[in-house]
Every structure is written in structure tokens, then in C-alpha cells.
Amino acid sequence: MLLESQIKEVFEYQNSYLEKLPEGTPREILEKIGLNEPHVTILTGIRRSGKSTVLLQLKNKLQLYNYFSFEDPRLTAFEVNDFFKLEKIFESSNYTFLFDEIQNVEGWERYIRVLHDQKKKVIITGSNARILSKELGTSLTGRQITYEIFPFSYSEFLKHLNLSAGIESFSEYLNSGGFPEFLNSNKREVLLNLYNDLIYRDIVVRHGLRNPKVLQELGVYLASNVGKEFSFNKLVKNFDLGSVNSLKSYISYFEDAFLFFTVPRFSFSLKQQAVNPKKVYAIDTGLISILSLSFSKDRGRLIENKTFIHLKRLGKEIFYFRKTGECDFIVSQNRRVEMIAQVCYELNADNFSREINGLTEAMDELKFKEGYIFTFNQEDQIQKDGKTIHVVPVWKWMYQK
């Protein structure tokens with residue numbers, strides 16, 4: 001619990017510098033967020049991806065608002081009842097309420113429910129998927145719209161650094177990734193500190209774990225094996241975790257922190273889909289390169305990871321396909337398959353049959369006449385057995401989407 005005078009001191013401090021903060025590179029997601037929606041608007045995503053900046057950019061579209069950030073260390077003792085003290089300090093209860101990193105306050109969802117019931121407009125940010133979903137499920141079901149904030153897209157990266165689209169800038173994007181703070185400083189310590197923060201603050205402390213070293217090593221392993229299937233049993237033995245359930249919990253913690261994503265193998269049977277091996281991808285290729293230095297040479301898998309994250313940013317549901325061969329992505333939305341795609345650095349004599357056959361096998365299974373192969377910079381069109389395969393430079397596709 002805090003005194004009203006203490007809360008007021010923090011509020012006045014935050015608002016004294018709020019107008020001085022740079023607006024930052026405009027984010028594409030702003031076009032999707034409606035400020036007049038009756039629902040609670042939730043901005044979520046990995047740490048340092050730009051949620052607070054998006055909140056500030058939304059603020060600049062509002063005439064009347066009240067802003068408060070719970071990242072301030074002076075608010076450690078802030079409790080849910082302190083919201084009502086804060087409300088007295090706010091200029092007007094008719095303003096839009098903007099709360100940054102609200103998950104730091106236990107029980108926050110009860111107060112947000114009160115505001116929503118009073119027909120107040122509320123926009124909040126939060127960094128942990130499980131906490132947000134658990135709390136929203138009990139108090140705000142059907143009353144919220146959630147937007148996931150990712151590191152910069154390729155187009156945002158170009159705007160941020162004032163670059164032009166092309167293979168040179170895309171190579172830089174592939175190696176550096178899209179975390180704004182890292183792009184501003186180009187210091188690898190920024191990404192290493194982010195990784196350690198995610199491990200300790202979002203996972204170890206939050207879940208009361210006693211062996212952070214194993215978690216760190218598991219994260220490095222996953223970063224080094226993006227785009228590959230993984231075996232729960234094998235990883236349990238490799239990291240001496242004791243049980244598959246422990247490993248599944250650790251991986252779910254990574255996913256809750258938006259650090260890694262698992263992708264199921266496509267199957268018409270949901271039961272089969274659940275038991276088949278999964279693949280893993282990471283939130284950012286810059287982070288991958290820092291965690292696994294040798295991996296930066298495998299540009300094909302870096303491109304594959306970039307493609308996956310771009311599809312996630314577009315709100316797609318993603319699977320991989322495996323039968324005789326393998327196809328990287330079955331892309332769907334609202335349970336309808338929209339695209340089938342392979343990804344490789346380049347098509348050449350060594351991989352041509354493998355890439356084409358894996359793609360056409362998936363197209364046969366799903367009765368698709370068109371498929372895609374995303375490459376670094378090749379462009380072509382291939383006809384095979386009545387099917388059309390578009391070979392597209394991945395940077396062009398990302399820039400246009």
C-alpha cells in the first residue's frame with residue numbers, strides 16, 4: 001500500500017517528462033487499433049519490443065488522457081486498492097486511462113473491470129502472456145481486444161534507420177533483428193541483458209525456479225536449433241530435467257515471455273497434431289545470432305525464422321508439414337489454409353528436388369494449385385504437374401505485406 005502523496009509524486013514525475021519523450025518510429029499496428037472501441041485495449045509482447053512507445057503514439061492521438069507506468073521502482077508496494085487513490089489524482093475520470101506494464105500490480109484486472117463497467121476507455125500494456133490470459137479469463141472475458149507487439153518489421157526497420165528496401169538492408173535486418181534499443185546502440189550487451197532479464201524476471205522469479213542456469217542453457221539450445229523439430233524426451237536427458245512435464249513447463253514459460261514459439265505438425269486430426277513433434281522459432285534473429293554466434297552463418301534458417309515471425313505479426317496460424325518430405329509452413333487464418341510455403345536461402349542443384357517435392361507433397365495433401373518458395377534474392381516461377389510455384393525474394397514479400 002502507498003500513500004496518496006507518494007502516488008502523486010510518481011504521477012507528477014512521470015507526466016513531467018512524458019511530453020519530452022520522442023515519439024519514435026511509427027508502428028504499423030497503430031492502423032489496426034481503434035481508439036473508439038468499447039473494449040479494453042491490451043498491448044502485449046516481449047520486453048523491449050516497443051509496447052510503451054506504441055502506448056505513447058496512441059496517447060498523441062488522444063486529446064484527453066491519463067497516463068501511469070508501473071515500471072517505476074517506487075511503485076513496488078502499489079496494491080489494487082491504490083488505484084482509487086490514483087483516480088483521485090487523475091485530472092478527470094472522463095479521460096482515457098493509459099496504464100503501462102500493469103501486470104506488476106497483483107489483482108489489477110478487478111480495477112480494470114470496474115472502469116470498463118463504468119464505460120471508461122482503457123488501454124494497457126503487459127509483458128507476460130500467461131498472467132494476462134489467466135487474469136483476463138476470470139474478469140474480462142469478452143471485454144478485451146489484444147494486440148501483440150513484435151520487434152520492428154522489415155518496413156519499420158527501414159523507416160527507423162532511413163534505409164531503402166533491397167538485399168543490403170535486408171541482410172542487415174537479418175543479422176541485427178528488430179529490437180529498437182539494439183538498433184540504436186548496436187551493442188550486443190543490450191540483447192544479452194534482455195535475454196537475462198527475460199530468464200530471471202519473467203521466468204525464474206515469477207515461477208519460483210531454483211536452477212536458472214539450466215533455463216539459460218535450454219534457451220541457448222533452442223535458439224541454436226530454430227526451424228528444427230525437437231524431442232521432449234531427448235531434451236529431458238540432455239538437460240537432466242527429471243521429467244517431460246518439467247521440460248514442457250519450461251518451454252511454456254519461454255512462450256509466455258514471447259521469447260520462443262512452438263509450431264505443431266499439420267494434421268487433420270487434432271489428437272495426432274498434439275502428439276507429433278513440434279518445431280521451435282525465436283522472437284528475433286538478432287537475439288538468435290547473439291545467443292548462438294556460429295548460427296549466424298546459417299542464413300537459410302535465419303530467413304526461415306524471419307518468415308515465421310512475419311507471419312505471426314500478420315496474425316496467422318502456422319503449422320509445418322511432414323510426410324515423405326517436409327514443407328516449412330502451412331499458413332491459415334480462421335481455420336482456413338491460405339498459403340503453403342517453403343523457405344531456403346537459394347534454390348540450387350543440391351536442394352532443388354527436396355524443396356520442390358516437399359512443397360508439392362503438401363500442396364497435393366491440401367489440394368492447392370499454387371505454392372511459394374521464399375529465398376534471399378531469387379525470383380522465378382516453376383510449373384510442375386499442373387501446379388504453379390512462385391519463387392519470391394523474401395525481402396520483397398515482407399516489404400509488400
Side-chain angles (χ1 to χ4, degrees), residues 2-45 47-75 78-105 107-128 131-132 135-136 139-140 142-150 156 180:
L2 292 173
L3 297 174
E4 185 175 327
S5 59
Q6 293 173 304
I7 298 172
K8 186 175 182 180
E9 180 182 347
V10 174
F11 172 78
E12 290 177 345
Y13 171 79
Q14 290 184 0
N15 281 268
S16 69
Y17 72 74
L18 191 60
E19 298 301 327
K20 302 173 186 175
L21 292 175
E23 185 173 335
T25 300
R27 301 303 300 268
E28 294 165 349
I29 200 165
L30 292 171
E31 299 174 5
K32 300 179 181 179
I33 301 174
L35 294 175
N36 295 320
E37 294 170 347
H39 301 82
V40 175
T41 299
I42 300 170
L43 309 178
T44 189
R47 287 180 181 273
R48 316 312 298 170
S49 59
K51 297 185 299 297
S52 298
T53 299
V54 172
L55 190 64
L56 293 176
Q57 291 173 353
L58 290 172
K59 166 193 74 74
N60 292 337
K61 294 185 174 185
L62 297 166
Q63 290 184 326
L64 305 173
Y65 63 86
N66 281 305
Y67 169 90
F68 202 67
S69 172
F70 293 97
E71 279 286 82
D72 196 303
R74 292 170 292 181
L75 298 174
F78 193 100
E79 297 177 354
V80 66
N81 287 334
D82 292 331
F83 277 111
F84 297 100
K85 300 172 188 174
L86 177 60
E87 198 170 319
K88 291 179 184 177
I89 298 165
F90 281 165
E91 291 187 33
S92 170
S93 59
N94 293 323
Y95 286 27
T96 297
F97 290 74
L98 308 175
F99 294 122
D100 200 11
E101 297 295 351
I102 199 169
Q103 84 283 344
N104 291 334
V105 182
W108 63 268
E109 72 282 1
R110 299 198 300 274
Y111 175 68
I112 299 302
R113 169 70 182 269
V114 169
L115 291 180
H116 182 268
D117 289 344
Q118 293 174 354
K119 310 299 183 186
K120 312 294 187 191
K121 178 59 185 176
V122 183
I123 306 175
I124 64 177
T125 77
S127 296
N128 187 280
I131 285 180
L132 288 171
E135 293 165 345
L136 295 173
S139 294
L140 288 170
R143 297 174 175 87
Q144 84 284 351
I145 297 179
T146 300
Y147 300 91
E148 190 168 344
I149 310 300
F150 291 84
E156 291 168 337

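Note that the coordinates shown come from a computational prediction; the quantities given were computed from them, not determined experimentally. When reading the values below, keep in mind they use all heavy atoms of this one structure, side chains included, and skip hydrogens, waters and symmetry mates.
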Gln103 and Gly126: which non-hydrogen atoms are nearest, and at how many Å? OE1-CA, 3.0 Å
Side chain to side chain, Phe78 and Val10, heavy atoms closer than 4.5 Å: no
Leu86 side chain reached by Phe99 side chain, heavy atoms, under 4.5 Å: yes
Taking it one step at a time, do Leu58 and Tyr65 satisfy side-chain contact (heavy atoms from CB on, under 4.5 Å)? CA-CA 10 Å; Leu58 290 172; Tyr65 63 86; over 6 Å; no
Which heavy atom of Glu23 sits nearest to which heavy atom of Thr53, and what is that distance? O-CG2, 3.4 Å
Kindly give the heavy-atom pair with the smallest separation between Lys121 and Ile123, and that separation in Å. CE-CG1, 4.1 Å
Glu71 (side chain) donor-acceptor with Asp100 (main chain) under 3.5 angstrom: no
Side chains of Leu30 and Lys61: closer than 4.5 Å at any heavy-atom pair? yes
Got a second to check how far Phe70's CZ is from Gln14's CD, nearest 0.5 Å? 8.5 Å
Is the closest side-chain heavy-atom distance between Val105 and Leu75 below 4.5 Å? no
Least distance between heavy atoms, Trp108 atom then Ile124 atom: CZ3-CD1, 3.5 Å
Arg143 vs Arg113, test: side-chain contact (heavy atoms from CB on, under 4.5 Å). Steps then yes/no. CA-CA 9 Å; Arg143 297 174 175 87; Arg113 169 70 182 269; 3.1 Å; yes
Report, as yes or no, whether the 6.0 Å neighbourhood of atom NZ on Lys8 holds more than 12 heavy atoms from other residues, nucleotides or ligands. no
Do Glu19 and Lys59 make a side-chain contact, defined as non-hydrogen atoms from C-beta onward lying under 4.5 Å apart? yes
What's the spacing between Ile89 CD1 and Ile7 CD1 if we round to 0.5 Å? 5.5 Å
Could you go through the side-chain contact (heavy atoms from CB on, under 4.5 Å) check for Gln6 and Arg74 one step at a time? CA-CA 9 Å; Gln6 293 173 304; Arg74 292 170 292 181; over 6 Å; no
With rounding to the nearest 0.5 angstrom, report the CG to CG distance, Leu55 to Leu98. 5.0 Å
Please determine whether side-chain contact (heavy atoms from CB on, under 4.5 Å) holds for the pair Leu115 and Glu87, giving the CA-CA distance in whole Å, both sets of side-chain angles, and the decisive distance to 0.1 Å. CA-CA 10 Å; Leu115 291 180; Glu87 198 170 319; 4.1 Å; yes
Have a look at Ile102 and tell me which of Phe83, Phe68, Tyr111 forms a side-chain contact (heavy atoms from CB on, under 4.5 Å) with it. Phe83
Would you call Phe90 and Phe97 a side-chain contact if the rule is heavy atoms closer than 4.5 Å? yes
So CG of Leu56 and CZ of Arg27: to nearest 0.5 Å the spacing works out to 12.5 Å
Locate the shortest heavy-atom distance separating Gly45 from Ser49; write the atom from each residue and the value. C-OG, 4.2 Å
Straight-line distance of Ile42 CD1 to Tyr147 OH, nearest 0.5 Å: 10.5 Å
Are any side-chain N or O atoms of Asn60 and backbone N or O atoms of Gln57, one a donor and one an acceptor, separated by less than 3.5 Å? no
Does Tyr13 have more than 12 heavy atoms from other residues, nucleotides or ligands lying within 6.0 Å of its OH? no
Does one side chain, of Ser69 or Glu101, offer a donor that lies under 3.5 Å from an acceptor on the other? no
Side-chain heavy atoms of Thr41 within contact of Ile145, under 4.5 Å: no
Test item: Leu62 and Tyr95 side chains (from C-beta on) under 4.5 Å apart, heavy atoms: no
Indicate yes or no for a side-chain donor-acceptor contact from Lys51 to the backbone of Ile149 under 3.5 Å, with no hydrogens or angles considered. no
